[in-house]
There are 2 protein chains.
Amino acid sequence: MGDARALLMSGVPELLILRLLAEREMYGYELARAVRTATHDAISLGEGVLYPALHSLELGGLLRARRRRAAGRTRVYYSVTAQGRRRLAFLASRWRRIAAAVETALAGPQHA
Amino acid sequence: MGDARALLMSGVPELLILRLLAEREMYGYELARAVRTATHDAISLGEGVLYPALHSLELGGLLRARRRRAAGRTRVYYSVTAQGRRRLAFLASRWRRIAAAVETALAGPQHA
DNA sequence: CCGTATACCTCGAAAGACGAGGTATAGTAC
DNA sequence: GTACTATACCTCGTCTTTCGAGGTATACGG
């Protein structure tokens with residue numbers, strides 16, 4: 001057993017990214033902040049997670065990227081495609097199923 | 001994105017195994033059934049997940065194994081060590097933190 | 001001109017989930 | 001006695017993903 005770096009986090013970055021971008025178009029750095037805000041600092045996606053995830057999601061057709069210049073900087077803005085929204089719905093539903101199941105198991109046998 | 005095999009499941013097998021074995025000593029097959037029961041069939045751990053996990057947990061000192069003969073069969077019973085219980089507490093707390101964070105994010109901005 | 005914040009990126013290591021496949025025994029049906 | 005099913009354990013290779021560390025470049029305040 002490693003000391004649990006990625007433990008319990010698989011799929012969570014993808015889910016959060018899709019969820020927050022479904023709300024509004026954002027660029028990477030902004031999205032990183034949004035994740036922290038939306039989770040009250042409970043979850044923070046490092047850049048080594050965020051950028052590869054964004055690229056992979058774009059490649060998979062779940063996100064669309066476009067470069068825009070703002071404040072003299074070039075930013076890459078991402079928005080969710082129709083396919084991305086379907087994926088979000090799938091992931092959210094799967095999350096709820098697993099979360100409920102784990103919750104039930106953690107609660108333990110309600111000594112009948 | 002692959003088609004979501006292990007998606008959102010990282011750490012969950014370990015957490016469920018520790019949780020259920022903390023309740024009572026069990027052997028592998030029994031544990032597999034217990035996982036299904038405890039999660040109302042929402043989660044089922046395949047043997048390719050279960051046995052390697054049990055071995056790894058035993059190796060890490062979180063579980064203790066002992067072979068027992070019952071009904072003409074040799075079964076390997078596992079119980080949770082003190083260290084295993086500490087690990088369970090850690091994982092459960094981490095789970096709750098992440099689950100709450102994801103839940104919050106999924107709920108979305110409660111338009112102030 | 002220098003430090004800090006912004007903004008993007010890539011790499012390698014590590015871990016773990018999973019399906020498929022493999023062995024062997026006990027009990028039941030024919 | 002033979003076939004089938006359930007029990008019970010195991011391992012292997014594949015695949016995906018998270019993560020920290022490290023790298024580049026620009027804007028801006030002092």
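Quick caveat, the model's predicted, so the values are computed rather than measured.
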Are any non-hydrogen side-chain atoms of Y78(A) and R64(A) less than 4.5 angstrom apart? no
Both R33(B) and V49(B) contact DNA chain D. Which one's nearest nucleotide lies toward the 5' end? R33(B)
Starting from C1' on dT18(D), measure out to CG on L15(A) and report it in whole angstrom. 15 Å
Quick check on DNA chain D: between V12(A) and R73(A), whose nearest nucleotide comes earlier from the 5' end? V12(A)
Heavy-atom side-chain contact between L54(B) and E14(B) under 4.5 Å: no
Where the side chain of E47(B) is defined as all heavy atoms beyond and including C-beta, which of dC9(C), dC10(D), dC18(C) is the nearest nucleotide? dC10(D)
Scan P13(B) against the nucleic acid and name what it touches under 4.0 Å (heavy atoms): base, sugar-phosphate only, or nothing. sugar-phosphate
How about Y29(A) and E47(A): do any of their side-chain heavy atoms sit closer than 4.5 Å? yes
Can you check the L8(B) CG to dG16(C) C1' distance for me, whole Å? 14 Å
Nearest-neighbour nucleotide for the Y27(A) side chain, dT10(C), dC8(C), dT7(D) considered: dC8(C)
Any Y51(B) side-chain nitrogen or oxygen under 4.0 Å from OP1 or OP2 of dC9(D): yes
Length of the line joining L45(B):CG and dG19(C):P, which is rounded to integer Å: 11 Å
Validation row: L106(A), R96(B) side chains within 4.5 angstrom (heavy atoms): yes
Which whole-number value in Å describes the distance from L57(A) CG to dT18(D) C1'? 14 Å
Report the distance from atom CD of E58(B) to atom P of dT11(D), rounded to the nearest whole Å. 11 Å
Identify whether any heavy atom of G46(A) sits under 4.0 Å from a base atom; if not, whether one sits that close to sugar-phosphate; answer base, sugar-phosphate or nothing. nothing
Between dG16(C) atom P and L50(B) atom CG, what is the distance in whole Å? 15 Å
Between H55(A) and dC8(C), is there a contact of a side-chain N or O with OP1 or OP2 at under 4.0 Å? no
So, does T81(B) use its side chain to make a donor-acceptor pair with the main chain of L62(B) at under 3.5 Å? yes
Checking dC9(D), dA17(C), dC19(D) against the side chain of M9(B) (C-beta onward), the nearest is dA17(C)
Starting from P on dG16(C), measure out to CG on L16(B) and report it in whole angstrom. 15 Å
Rounded to whole angstrom units, what separation is found between the CD atom of E30(A) and the C1' atom of dT6(C)? 12 Å
